[in-house]
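The structure under discussion appears below in the form of structure tokens.
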Amino acid sequence: MMSWCRKGTTPRGLFLALILLAPAATARAGEVDRLYVIDCGWAHATDQSLWSPGVNSGAPIDFSDNCYLIHHNRAGYLLWDTGITDRLVVLPNGVTVAALHQTWHRTQTLLASLAALGVKPADVRYVALSHVHPDHAGNVDEFPDATLVIQKAEWDYAMTLPQKPFSSEHKKQLIDGDKDLFGDGSLTLLSTSGHTPGHQSLLVHLEQTGYVVLSGDVVHFEANWDDRRVPEFNFDKAQSSASMEKIARVLAAKQAQLWINHDKPSSDARRHAPEFYE
Ligand SMILES: [Zn+2]
């Protein structure tokens, strides 16, 4: 039998030998080194209470809508959500979603925003979606080479929709539950169903900024988070509440910031591309 302790090997010599044998010990750990917040549209609605049942009935509200371009030192670019369709850019009056009394606008296309950063669609290796609603999945097919990262339950739901949010042929990685995406703790997908059947959130670890949770539509604005309100139109109310509690536990455990995508005041206060977070 082979032995580590050959005759004459000192404990110190053995220790050094083990260090030299350790395969990945000297490799740089995988990490997210940059996060850009990109304006991916905005909306005006005339009745806030559709999102907060029984509260602020008839009060108008504006929504932000961001995409997040994340650079990982080994995996390359990942785009979290793609915003409302770029086609809105040529419609000065936007498009109204009648059921929500909500009108959507886009000032600049996602592709133009990426180009301004020197990023081509082919440079984006992963497109990860919180969920498949049009204000998040509007431009997926602009990235035909990217792997779509989505919960399996959300993919299944998308494929039942009469109008598919993206090509059913898209290259994809289907996720079932929580997942440390690159196995290094830099990007962790969190299953947060409720708004839709397979909604997910993303826990991002940045070296200087620390942990940030990109929560998709787990909650739409600050007051709804404070009071844990669930919009009437969510897919499942109990799941929605449980997902908010799950996010709250992650925030506490990681001392993480919660970035509520559609909360316009906090979104406006954030640095947007070309500035970035490290
Ligand atoms: Zn949304």
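Counting convention: from 1, in listed order, for ligands and their atoms alike.
Not a single N/O/S atom of His133, whether from backbone or side chain, sits less than 2.8 Å from the Zn ion (ligand 1). Among the atoms of Asp135, an N, O or S atom falls under 2.8 Å from the Zn ion (ligand 1).
Partners of Phe276 according to the side chain to side chain contact (heavy atoms under 4.5 Å, CB included) rule, which considers only residues two or more places apart in sequence or in another chain, are Arg34, Tyr36, Glu278.
For the ring pair (Phe, Tyr, Trp, His ring centres under 6.0 Å) criterion with Tyr126, the lone passing option out of Tyr77, Tyr68, Phe143, Phe182 is Phe182.
Remark: the Asn66 side chain and the Asp39 side chain contain no N/O donor-acceptor pair separated by less than 3.5 Å.
The Zn ion (ligand 1) lies closest to atom NE2 when only the N/O/S atoms of His262 are considered. Within Asp217, the N/O/S atom positioned nearest the Zn ion (ligand 1) carries the name OD2.
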Would Asp135 and His262 count as a side chain to side chain contact (heavy atoms under 4.5 Å, CB included) here? Give the steps.
CA-CA 10 Å; Asp135 53 323; His262 291 308; 3.0 Å; yes

